[in-house]
There are 2 protein chains.
Amino acid sequence: MPEEQRPRRRQARGERRVAQLLEAAAGVFCKVGYTAATTNAIAREAGVSPGTLYQFFPNKEAIAIELGGILNQRMREGHGELFTPENASLPLREMLEVIVDPMIEFNCQNPAFLALVHDSDVPGTVVMEHDVLHSSLLERVEHLLGLRAPALSAAERGRVAAMAFGLFKAGLALVLAHEGTERDAYVGEVKAALYGYLAPYVGTGAVAMTEAGPAPAATA
Amino acid sequence: MPEEQRPRRRQARGERRVAQLLEAAAGVFCKVGYTAATTNAIAREAGVSPGTLYQFFPNKEAIAIELGGILNQRMREGHGELFTPENASLPLREMLEVIVDPMIEFNCQNPAFLALVHDSDVPGTVVMEHDVLHSSLLERVEHLLGLRAPALSAAERGRVAAMAFGLFKAGLALVLAHEGTERDAYVGEVKAALYGYLAPYVGTGAVAMTEAGPAPAATA
DNA sequence: AAGAAACGCGAGTGATCGCTCGTGTTCGCC
DNA sequence: GGCGAACACGAGCGATCACTCGCGTTTCTT
């Protein structure tokens, strides 16, 4: 008996509720974090009863997972794929400009993103599946790093990617904690930090993508 | 009516219990984080009843605050003051070596440190008083930065200190998440990141402490 | 020795959380 | 119009948490 799950066809009203609930969940998550967020608060924020919430989500974690997937997808749709070979071949300064700015902007408009990946660091909270955000982003960073600096060993590449990503998350938290010109200044610090860290590994100039070795060139 | 608090003199047995409880709290905090830690679990870990715990601490947060103070003090005792003018005048590479290594080592032996400062980032958890760790460390970084690069404006100094500290915390999390040679490798990445980020601000060489301007010198 | 105060216990309290369930309403389809 | 399924509600269940309380034990003081 494979415990077959019937597809449970959804009406238009249901789709709207799901979107409403995810929106509310995003708000609550980035206000109090994932662990401290209560399903009742999410339901209240969405203007529905707790029972209604559980008509669309089996449990609290599923909300975070679904929201993570939505955010992940929304990020790609909004800015296109950022970790492309074209961007990887840019001079480092420009590459960071092209990648970091959209990432930061997206996170300013969707602060729930940081709330989710932040709690994913704490043990005992969410499990593997929720780490779609963390791991898929890390994977893309690692891939771009492989394009840009193919000489790096796999182990070293993994470490540099993890460190660069952690650095970005730390900077992102600072960026989101400030506003206006102060926020802009912190964006500059994030770029400066990434530049200073990555330059020795990937070079500062443009790189050729056809051959295996990095080839430092033009821009400072 | 100033609601006078009687001093509640403590016996030797009590002092031992407090130390026991703080030790247990450190273990629980770095296993599950502050928010997810339960006072009953701390009491159980310490081998006492919940009631006994509350004989020495008014509430859960007080445990974190007290533990933070202890860790703060223990760090200074264990390695002496690291953010000294002498260290500040060292060539950047050596300065990082001298400061980062003891900090990392201390955190490896007291992983509760990271658990506390990590949760302090999440809203709705602990309040100001607990941030002794975060703010006092940040203050020291900022002070050293003032010694090293007096040309920086106060605002810029604050941002660089915050970014450098955040960078360190992110790296520390990676260091603590690994073991053996992998851990050592991540320590290297932390230093590399700090070096790359700070070099443009503070120069790579030794600096004179008598005059106001930084003076790049010897070592590479 | 004897009283006071610190220590110690653990069942229990009130609040809150994730989640369920019985009941009623709305929608899609014939 | 009518029927089944999706939707919606909200009181409430069981579990858990921070914290208390009454009472017994150990230690200090005189």
Side-chain angles (χ1 to χ4, degrees), chain A residues 4-25 28-29 31-67 116 119 122 124-127 129-130, chain B residues 4-25 28-29 31-67 116 119 122 124-127 129-130:
Chain A
E4 189 158 359
Q5 52 171 9
R6 49 223 176 130
R8 183 165 178 74
R9 42 182 282 255
R10 184 154 290 159
Q11 303 182 345
R13 198 160 88 245
E15 303 279 4
R16 255 181 283 128
R17 281 273 179 257
V18 169
Q20 233 174 84
L21 285 164
L22 288 175
E23 189 85 10
V28 175
F29 283 159
K31 261 178 208 150
V32 300
Y34 170 76
T35 41
T38 76
T39 55
N40 287 4
I42 295 173
R44 198 181 324 118
E45 179 91 5
V48 301
S49 78
T52 298
L53 184 150
Y54 282 94
Q55 195 119 86
F56 301 100
F57 299 98
N59 52 50
K60 179 180 166 183
E61 186 175 359
I63 304 175
I65 294 175
E66 182 79 12
L67 181 59
L116 286 181
D119 277 14
V122 181
T125 53
V126 203
V127 281
E129 291 93 356
H130 157 220
Chain B
E4 189 158 359
Q5 51 172 9
R6 43 205 174 154
R8 182 166 179 75
R9 37 186 288 253
R10 184 155 288 160
Q11 303 183 346
R13 198 159 87 246
E15 303 278 4
R16 256 181 281 128
R17 281 273 181 258
V18 169
Q20 236 174 80
L21 285 164
L22 288 175
E23 189 85 10
V28 176
F29 282 158
K31 261 177 207 148
V32 300
Y34 170 75
T35 41
T38 75
T39 55
N40 288 4
I42 295 174
R44 198 182 323 118
E45 180 92 3
V48 302
S49 78
T52 298
L53 184 150
Y54 282 94
Q55 197 118 84
F56 301 100
F57 298 98
N59 52 52
K60 180 180 167 184
E61 187 175 359
I63 303 176
I65 294 175
E66 182 80 11
L67 181 60
L116 286 181
D119 277 14
V122 182
T125 55
V126 203
V127 279
E129 291 94 357
H130 156 221

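In what follows, every chain begins at residue 1, and chains take the letters A, B, ... in the order their sequences are listed.
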Residue-phosphate contact under 4.0 Å: B:Tyr54 side-chain N/O, D:dC19 OP1/OP2: yes

Quick note, A:Gln55 side chain, CB onward, closest among C:dC9, C:dC7, D:dA8 is D:dA8

Other residues, nucleotides and ligands only: do more than 12 of their heavy atoms fall within 6.0 Å of CD on B:Glu45? yes

To the nearest 0.5 Å, atom OH of A:Tyr54 lies from atom OG1 of A:Thr39 at 3.5 Å

How many whole angstroms separate atom CZ of A:Phe56 from atom C1' of D:dA8? 8 Å

Whole-Å distance separating the CG atom of B:Leu21 from the P atom of D:dC19: 14 Å

In whole angstroms, how far is the C1' atom of C:dT20 from the CG atom of A:Asn59? 13 Å

Are B:Thr52 and C:dC7 close enough that a side-chain N or O sits under 4.0 Å from OP1 or OP2? no

From CZ (B:Phe57) to CZ (B:Arg17), nearest 0.5 Å: 12.0 Å

Approximate separation, where rounding is to 0.5 Å, of B:Phe29 CZ and B:Leu22 CG: 9.0 Å

Rounded to whole Å, how long is the line connecting atom CZ of A:Arg17 with atom C1' of D:dA8? 8 Å

Interatomic distance, CZ@A:Arg10 vs CD@A:Gln55, rounded to 0.5 Å, equals 9.0 Å

To the nearest Å, give me how far apart CG (B:Leu53) and P (C:dC7) are. 13 Å

Rounded to whole Å, please give me the gap between CD in A:Glu15 and P in D:dA8. 12 Å

When you measure from the centre of the six-membered ring of B:Tyr34, is the NZ or CZ of B:Lys60 under 6.0 Å away and within 45° of the axis? yes

In chain order, what residues pass the salt bridge (Lys or Arg N to Asp or Glu O under 4.0 Å) check against B:Glu66, with sequence neighbours excluded? none

Once you round to the nearest 0.5 Å, how far does CD1 of A:Ile42 lie from CD of A:Glu23? 12.5 Å

Sugar-phosphate only, base, or nothing, as touched by A:Gly14 at under 4.0 Å among non-hydrogen atoms: sugar-phosphate

Rounded to whole Å, please give me the gap between CD in B:Glu61 and P in D:dA18. 13 Å

Under 4.0 Å protein heavy-atom contact, by nucleotide of nucleotides 24-29 of chain C - B base, S sugar-phosphate only: --SSS-

Residues from residues 39-49 of chain B lying under 4.0 Å of DNA chain C - heavy atoms: B:Val48, B:Ser49

Point-to-point distance, once rounded to the nearest 0.5 Å, from CD of A:Gln20 to CD of A:Glu15: 12.5 Å

